[in-house]
Amino acid sequence: MAQESITPRSKDYAQWYQDVIAAGELAEPALVVKGCMVIRPHGYAVWEKMQADLDRRFKATGHQNAYFPLLIPLSFLAKEAQHVEGFAMEVGVVTHTGLRAVDGKLVVKNELEEPYVIRPTSETIIGHFFAKWIDSWRDLPVLINQWANIMRWELRTRMFLRTSEFLWQEGHTAHATHGEAREEVLRMLDVYRDFAQDMMAMPVIRGVKTASERFAGALETFCIEAMMQDGRALQAGTSHDLGQNFGKAFNVTFQNQAGVREHVWQTSWGMSTRLIGALIMTHSDDGGLVLPPKLAPIHVAIVPIYKSDEEKARVLAVADRVAAELRDDGLVVKVDDREELKPGAKYYEWEKKGVPVRLEIGPRDVDQGVVMAKLRIAPLDANGKPQKLALKLEGLGAEIGRLLDGFQKFLYQRALELRRANTVQVENWQDFQAVFAGENNSKFVWAHWDGTSETEAEIKAATKATIRCIPLDGEGPAPEAGVCVKTGKPSARRVLFSKNY
RNA sequence: CGGGGCGUGGCUCAGCCUGGUAGAGCGCUGCGUUCGGGACGCAGAGGUCGGAGGUUCAAAUCCUCUCGCCCCGACCA
């Protein structure tokens, strides 16, 4: 049987990743639009779950949603020197409007006086409007979030992880003091950390980026870094202390209580559809997508099993009743009553789509007043087969709830254990190189670094590993002095090295 | 932007070397039998072989140009 097959992770991790996305019907390359993707309904449903929860967290921390234009005057981008430098190479530029037919072909018609760039991020245009809105210390803080699409003309793309267009949220805030802005930056970093751990079941490390990894235009960039199954790091969220850089560039000022005009202190922070890639590479397996229950668009798939019409009627009646009961508990339930597929084929399909719990209901179960439940990742039974649980119909909702809750915790613990098992402390250059030797080898390495960009670049050139972050207090090993793994110069604390996505 | 690979029904590909007018598997449609871990039979639909030009009696096949996609590198959430 030539089934839709998923390349095993052990054979080709990159291919596996693409196969999981295809088999799970999450997305597909747009092809007709270079570097872009189509997020299919199942993938978009995951994004909607993420959005809903993040949005709730943003509102709970006092932010309001707003929307700014997709197109940004070219001159805006040039107002902050670091910022232009960072994005110049990857912005799409709109230079014309209108079309006309020439020799049967459509060609552009009117050239714009000033071209627009398609937003690669919105600091500049939001800075412009902040300048209009902010005049007094009484106007501060301004706490805005925008859900938007972004375009960065990427040379090489990977679905969800890096596409030319992607979806994200970008928070933009303005404050009266650097202290307040800094609090905001760290507050939102913690919101991201909590979201990653509680909703995505993905452990993360909070830290600060080095100068070379910093957001273009920021004073400092904070991040959360997660480990993927292949030992590489993935930046799952960033929170920037923009200082007064954009305030000065866009003349965003306010009069303080002493009547003195000052530039505001700004922050920005973002998470994107890249998180779906993170989700895939954190939990999924050779059988396809694995979703934590809290982000699963479908919690329970019910597969009825029957031969005769009489059995079908009995089984479906129970299936529908069970579905209705579970829906009352707030779960999303799919009763798969398709005639053209055998039960086994349905099992594989729902597994590939990452549905956490499958219920099988057949005539024998109906007679006994039970349903057979199987978790997406189940312990093996005595025969080496994935365990199925016979659950009584009464109290089923509560039991399923416990299963889902346990599964969410299991995924987090498993991811944490994977990270623990692939995290090492390295003391010398030989060992450091050995960890990253070979194209596909990566771990999290805590090592000392002398703090210079030169050394960082040398390490990257030699091993492809980069400094993912300088950990915040409480993350990683306790600070202790040492010597740089590459140069032997003094170092105050270890930093996190890894290859990354 | 450099290196490599590939464009043939919806998908994966064979055919190309050695020109003769297009095939397989999967998928799809219909009917019947099936149904507790990827069902089977029968009957069907579906392709100007990425595009343009050239060679030739004749081009998916040979030549030239072009476009696109994928993989690897440099850059990046």
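Chain identifiers are assigned alphabetically (A, B, ...) following the order of the sequence lines, protein sequences preceding nucleic acid strands; residue numbering begins at 1 within each chain.
Judged by distance alone, with hydrogens and angles left aside, A:E349 brings no side-chain donor or acceptor close enough to the base of B:G37 to form a pair under 3.5 Å. At a cut-off of 3.5 angstrom, the base of B:G36 holds no donor-acceptor pair with the side chain of A:K307.
B:U29 and B:C63 are spaced 42 Å apart, taking the P atom of each and rounding to whole Å. Separating the P atom of B:A14 from that of B:G5 is a span of 15 Å, rounded to the nearest Å. Using C1' as the reference atom, B:U66 and B:G30 are 44 Å apart when rounded to the nearest Å. B:U56 and B:C72: their P atoms are spaced 44 Å apart (whole Å). Between B:A52 and B:G68, the two C1' atoms lie 14 Å apart (nearest whole Å). Rounded to whole Å, the separation between the P atoms of B:G50 and B:C16 comes to 15 Å. The separation of B:A59 from B:U64, taken at their C1' atoms, amounts to 15 Å, rounded to a whole angstrom.
The side chain to side chain contact (heavy atoms under 4.5 Å, CB included) test with A:I72 is passed by exactly one of A:I118, A:T124, A:V94: A:T124. With A:D285 as reference, A:R376 is the one residue of A:R9, A:R376, A:K352 to meet the salt bridge (Lys or Arg N to Asp or Glu O under 4.0 Å) rule.
Counting non-hydrogen atoms under 4.0 angstrom, A:F215 reaches nothing in the nucleic acid. Using a 4.0 Å heavy-atom cutoff across all strands shown, A:K385 reaches no nucleic acid atom at all. The residue A:I150 sits apart from the nucleic acid: no heavy atom pair falls under 4.0 Å. As judged by a 4.0 angstrom heavy-atom cut-off over every strand, A:S212 is placed among residues making no nucleic acid contact.
In A:D309, the CG atom is not crowded: 12 or fewer heavy atoms of neighbouring residues, nucleotides or ligands sit closer than 6.0 Å. Residue A:W147 qualifies as enclosed at atom CH2: its count of foreign heavy atoms under 6.0 Å is above 12. For A:Y306, the OH atom is densely surrounded, since the number of other residues' heavy atoms within 6.0 Å is greater than 12.
Stacking of the aromatic ring of A:Y347 onto the base of B:G37 is not found under the criterion of centres within 5.5 Å and planes under 30°.
Nucleotide B:G36 holds its C1' atom 14 Å from the CG atom of A:L359, rounded to whole Å.
A 3.5 Å limit on both hydrogen-bonding distances identifies B:A24 as the Watson-Crick or G-U partner of B:U12. Across all strands shown, B:G53 forms a Watson-Crick or G-U wobble pair, both distances under 3.5 Å, with B:C63. If you check B:G32 for Watson-Crick or wobble pairing at under 3.5 angstrom, you find it paired to B:C40. Nucleotide B:A45: unpaired (no Watson-Crick or G-U wobble partner with both distances less than 3.5 Å). The base-pairing partner of B:G68, taking Watson-Crick or G-U wobble contacts with both distances under 3.5 Å, is B:C6. With a 3.5 Å ceiling on both atom-pair distances, B:U18 lacks any Watson-Crick or G-U wobble partner.
Judged by a 6.0 Å distance limit and a 45° cone about the ring axis, A:R158 is positioned over the six-membered ring of A:Y17. Geometrically, A:R358 engages A:Y347 in a cation-pi contact defined by less than 6.0 Å to the ring centre and at most 45° from the axis. Stacking of A:R232 on the aromatic ring of A:Y501 is recorded, both the 6.0 Å distance cut-off and the 45° axial limit being met.
Under 3.5 Å, the side chains of A:H63 and A:E184 contain a donor-acceptor pair of N or O atoms.
Distances shown here put a side-chain N or O of A:K342 below 4.0 Å from the OP1 or OP2 atom of B:G36.
Set against B:G38, B:G37, B:C35, the side chain of A:K352 has B:G38 as its closest nucleotide. Nearest to the side chain of A:I305, among B:G38, B:G36, B:A77, sits B:G36.
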Anything under 3.5 Å between a donor and an acceptor, one on a side chain of residues 365-374 of chain A, the other on a protein residue two or more places apart or in another chain? List them.
unit_1 : atom_1 : unit_2 : atom_2 : d
A:D365 : OD2    : A:G362 : N      : 2.8
A:D367 : OD1    : A:R314 : NH2    : 2.4

Summarise protein proximity over nucleotides 69-75 of chain B in one line of letters, 5' to 3': B for base, S for sugar-phosphate only, - for none, counting protein heavy atoms closer than 4.0 Å. S-SSBBS
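Two residues, A:E340 and A:E213, neighbour RNA chain B, and the one matched to the more 5' nucleotide by heavy-atom proximity is A:E340. Place A:M372 and A:S272 on RNA chain B by their nearest nucleotides, and A:M372 ends up nearer the 5' end.
Using a 4.0 Å cutoff on non-hydrogen atoms, the parts of residues 360-370 of chain A near RNA chain B are A:E360, A:G362, A:P363, A:R364, A:D365, ordered by number.
Ring pair A:F250/A:F246 is parallel by interplanar angle, where below 30° counts as parallel and above 60° as perpendicular.
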